[in-house]
Structures are given as C-alpha cells and as structure tokens.
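What's counted below: heavy atoms across the whole structure, side chains too, no hydrogens, waters or symmetry copies. Throughout, residue positions are numbered sequentially from 1 according to the sequence presented.
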Amino acid sequence: MTLELLEVDKLEGHTDRVWNVAWNPAAGAGVLASCSADKTVRIWEQSSLSRSWTCKAVLEGTHTRSVKSCAWSPSGKLLATASFDGNTCVWQNFATDSECISVLQGHESEVKSVSWNASGSLLATCGRDKAVWIWEIQPDNEFDCAAILTDHKGDVKMVQWHPTMNVLFSCSYDNTIKVWWSEDESDDYNCVQTLGESNNGHSSTVWVVSFNATGDRMVTCSDDRTIKIWSTDIERMQSGEGYVPWTHLCTLSGYHDRTIYSVHWSRDGIIASGAGDDTIQLFVDSDSDSVVEPAYKLLLKKEKAHEMDINSVQWAPDKDSELLASASDDKTVKIWKLASEP
C-alpha cells in the first residue's frame with residue numbers, strides 16, 4: 001500500500017501571495033481562513049452536500065498592508081489577523097457581516113504572527129521590532145497588554161502557545177527559539193530557555209514551531225533547510241514541578257533544497273513541511289528500536305505542489321480527516337487529502 005497526497009480543491013481569489021492558512025477549530029475540517037499580501041483575509045467554507053469549497057467572506061478595508069498571519073480563537077468565534085501595517089485585528093460574526101471588533105496597536109513596525117492560548121484568554125503577537133506582546137482578553141472583547149518581551153536580537157517571525165499550558169514559544173531571525181514562562185499565572189513572563197545553535201538548534205532564521213497532539217514534542221523549521229524535533233517531560237511540568245527544559249531529539253536534513261517556511265504536526269502524528277522548493281513533504285516517527293535517538297522517516301514527497309514558494313501548511317484539526325491546507329506565493333490555497341492507493 002502506498003500513500004498519495006491528492007489535491008481535493010484549489011481555492012482562488014487572492015490577488016497576491018497567500019501567507020498563511022488556519023482551520024477553524026470549532027468547525028472541524030469545514031471552515032478555513034487565509035490571509036494575503038493583497039491586504040485581505042478570506043473565509044472559505046466546504047459545502048456539506050457537494051464537498052466543494054467556496055469563499056464565504058472577504059475581510060477587507062481594515063488592514064492597509066500585507067496580512068501575514070491569521071489565527072482562530074479556540075471557540076472558533078474570533079479570528080485574529082496580524083499585518084505589516086503594525087496592527088493586529090480581531091474579527092467576529094463570520095456568518096453574517098464580519099466586523100473588526102478590536103484593533104491592537106503597539107508594535108513599532110510589521111506584525112508577523114498571532115497566536116491564542118489554549119483557553120482563549122491570552123493572545124500573543126510578534127514583529128519586526130524584535131518584540132513579543134502578550135494581550136489579556138477582558139470582558140466585552142477588550143484587550144489589555146499584559147507583557148512586552150524584548151529578549152530577541154532580531155525580527156520575530158512567529159509566536160505559538162503550547163497546546164495545553166500557558167507556555168509561549170517565539171522564533172526569530174536571530175536563529176533562536178525562545179521559551180517564555182510565568183512561574184505563577186500572575187507573575188511576569190520570563191525567557192526560561194533559548195534554543196540556539198549552541199544546543200543543537202538552527203543555524204539560520206527559524207520560521208515556525210508546531211507541537212504534537214500531546215504537547216511533549218515540538219518540530220521547528222528554518223532557513224538552514226533543516227527540520228528539528230525537540231522533546232520535554234510534559235507530565236512533570238503539568239504536575240507543578242516548575243519548568244522542564246526542551247531537548248533536541250533529531251534533525252532532518254537533505255530533504256528540502258530551499259528554505260523550509262512551514263511545518264505542522266497532525267493530530268495523528270504526521271509532520272507536514274512546505275518550502276521554497278515548491279514541495280510538500282510528510283514525515284513520521286519510524287518507530288525504530290534505537291534507544292539512543294528517535295528517528296523520523298520521509299513518508300512521501302509531493303513535487304510541484306504549488307507553482308511557487310509554499311508559505312504555510314496546516315492539517316485540519318479533527319483527528320481523522322487527513323486534510324491538509326497549503327498556501328503559496330502563486331496566490332492560491334490548496335486542500336489536500338492523504339489517501340492510500342491499493
């Protein structure tokens with residue numbers, strides 16, 4: 001039996017490169033957001049009858065420059081968007097008239113990424129100004145700045161909350177991933193670990209961090225054309241023993257021959273990667289008996305998945321859908337299905 005990544009649909013409508021895609025967690029594999037250099041965000045919905053995808057809403061007229069990142073709140077009711085105009089917008093009412101209910105200002109320049117924590121009570125943003133901001137959501141959708149974290153030495157490319165705990169991760173042009181932790185929920189967030197070249201980290205810009213379903217492993221990708229897997233003892237951290245550091249497990253190199261812009265871990269354990277070489281590649285734990293180092297193997301490589309750079313790959317949130325969305329400089333979003341060929 002061989003596996004194939006089958007193109008289910010090609011979503012067209014953006015007039016410039018598409019930076020990012022995000023599945024609505026409350027709608028399973030039925031609603032998807034995409035954001036673009038054309039200054040808009042599009043909400044796509046799959047028909048339950050025809051199974052085809054259509055654009056249900058275009059969020060426009062608020063951002064004045066490229067929209068780099070979009071992220072749904074855990075409830076699926078709010079969508080946050082980060083733009084090169086320096087603002088982060090929060091939207092609601094996607095079924096009727098989508099409206100921007102809050103504009104978060106503070107970054108000195110381009111905002112590159114936005115992420116909600118697991119409970120939806122905190123929002124993180126980061127930008128070209130080397131800063132990471134944490135916002136607290138108040139009643140009536142007011143957002144208060146709770147922290148400004150300035151330990152990075154370069155443009156911060158992405159922020160990502162841990163899937164089960166209020167631990168924040170940021171990756172940067174300074175080649176590092178920083179881990180931010182608050183000992184007590186009311187205390188300040190501090191940088192408790194820096195994953196850099198000196199501890200088996202990346203040797204160039206780190207673009208993305210993603211977690212497996214249980215949150216005890218992390219995957220990162222970089223301009224150095226490698227994918228790295230990290231692990232921690234999540235149960236010790238959840239039991240209140242304090243922060244437990246992440247350690248490097250293995251490095252996947254020699255697969256992509258251009259910058260790897262995106263990695264994402266599916267709920268059933270498959271890592272997808274998208275890169276400047278126009279390919280999507282899938283990796284799985286090889287279940288080797290090696291006690292020394294876990295090994296990951298290439299499951300499949302989809303050549304020419306897009307006509308240009310692939311900026312984002314995202315698995316659908318429900319465990320068994322096996323749908324993958326990808327976004328590209330070729331102005332399209334594609335929906336893929338992992339299927340087995342007899």
Are [X] and [Y] side-chain neighbours, meaning at least one heavy-atom pair lies under 4.5 Å?
X    : Y    : result
L324 : I335 : no
W135 : V114 : no
E322 : D268 : yes
K301 : E303 : yes
T64  : K39  : no
I43  : L79  : yes
L338 : L3   : yes
L123 : L104 : yes

Are the side chain of [X] and the backbone N or O of [Y] linked by a donor-acceptor pair below 3.5 Å?
X    : Y    : result
S203 : D224 : no
H248 : C250 : yes
S66  : K68  : no
W116 : A71  : yes
S50  : S47  : no
N20  : C35  : no
N117 : N166 : no
S286 : K297 : no

Any chance you could lay out the side-chain hydrogen bond (donor to acceptor under 3.5 Å, both in side chains) test for S231 and D216, step after step, and finish with the verdict?
CA-CA 6 Å; S231 76; D216 63 345; over 6 Å; no
Side-chain ion pair, [X] and [Y], N-O less than 4.0 Å:
X    : Y    : answer
E110 : R65  : yes
D329 : R17  : yes
R225 : D223 : no
D277 : K304 : no

Test side-chain contact (heavy atoms from CB on, under 4.5 Å) applied to H63 and V111, T40, V103, T81, the passing residue
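Checked V111, T40, V103, T81 against H63; only one passes side-chain contact (heavy atoms from CB on, under 4.5 Å): T81.
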If you look at every heavy atom in [X] and [Y], which pair is closest and at what distance?
X    : Y    : answer
V159 : S115 : O-CB, 3.4 Å
A131 : T150 : CB-CG2, 4.3 Å
W23  : Q314 : NE1-O, 2.8 Å
V219 : I227 : CG2-CG2, 3.3 Å
W315 : A272 : NE1-CB, 3.4 Å
M218 : L195 : CE-CD1, 3.6 Å

Measuring from [X]:[atom1] to [Y]:[atom2], what's the distance to the nearest 0.5 Å?
X    : Y    : atom1 : atom2 : answer
K112 : T88  : NZ    : OG1   : 13.0 Å
S52  : D9   : OG    : CG    : 6.5 Å
S98  : W91  : OG    : CH2   : 7.5 Å
K157 : S170 : NZ    : OG    : 13.0 Å
D285 : L299 : CG    : CG    : 12.0 Å
R42  : L11  : CZ    : CG    : 10.0 Å

As a quick check of understanding, evaluate salt bridge (charged side-chain N to carboxylate O under 4.0 Å, His left out) for K302 and E7, giving each step before the final call.
CA-CA 10 Å; K302 186 71 176 179; E7 185 178 320; over 6 Å; no
Is the gap between the ring centers of F169 and W246 under 6.0 Å?
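Here the rings of W246 and F169 have centres that are less than 6.0 Å from each other.
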Run the numbers on E142 and S102 for side-chain hydrogen bond (donor to acceptor under 3.5 Å, both in side chains), then give the verdict.
CA-CA 7 Å; E142 292 288 322; S102 200; over 6 Å; no
For [X] and [Y], which I'm curious about, is there any donor-acceptor pair between the side chains at under 3.5 Å?
X    : Y    : answer
W19  : S69  : no
D278 : H306 : no
W207 : S262 : no
E136 : S121 : no
T220 : W230 : yes
T332 : K10  : no
D129 : S109 : no

Assigning hydrophobic clusters by single linkage (Ile, Leu, Val, Met, Phe, Trp, Tyr; side-chain heavy-atom cutoff under 4.5 Å), is [X] placed with [Y]?
X    : Y    : answer
V209 : Y296 : yes
W53  : V313 : no
V41  : L78  : no
V263 : V21  : no
F211 : M165 : yes

Assess whether side-chain contact (heavy atoms from CB on, under 4.5 Å) is satisfied between V156 and S113, documenting all intermediate values.
CA-CA 8 Å; V156 188; S113 176; over 6 Å; no
W133 and H107 aromatic ring geometry - parallel, tilted or perpendicular at 30°/60° bounds
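Answer is tilted, since the angle falls between 30° and 60°.
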Just say parallel, tilted or perpendicular for the rings of F283 and Y255, cut-offs at 30° and 60°.
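Perpendicular: the ring planes of F283 and Y255 meet at over 60°.
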Please determine whether side-chain contact (heavy atoms from CB on, under 4.5 Å) holds for the pair Y261 and C221, giving the CA-CA distance in whole Å, both sets of side-chain angles, and the decisive distance to 0.1 Å.
CA-CA 7 Å; Y261 289 115; C221 67; 6.0 Å; no
Take T279 and H256 through the side-chain contact (heavy atoms from CB on, under 4.5 Å) test and state the conclusion after the steps.
CA-CA 8 Å; T279 72; H256 288 284; 3.1 Å; yes
From CA spacing to verdict: side-chain hydrogen bond (donor to acceptor under 3.5 Å, both in side chains), K178, T194:
CA-CA 5 Å; K178 289 189 180 289; T194 300; 2.9 Å; yes
For side-chain contact (heavy atoms from CB on, under 4.5 Å), just list the numbers for Q193 and W180, CA-CA rounded to whole Å, side-chain angles, deciding distance to a tenth of an Å, and then say yes or no.
CA-CA 7 Å; Q193 191 175 10; W180 310 90; over 6 Å; no
Among T251, T226, T176, which residue meets the side chain to side chain donor-acceptor pair (under 3.5 Å) test with H202?
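Of all the options given, the one that passes is T226.
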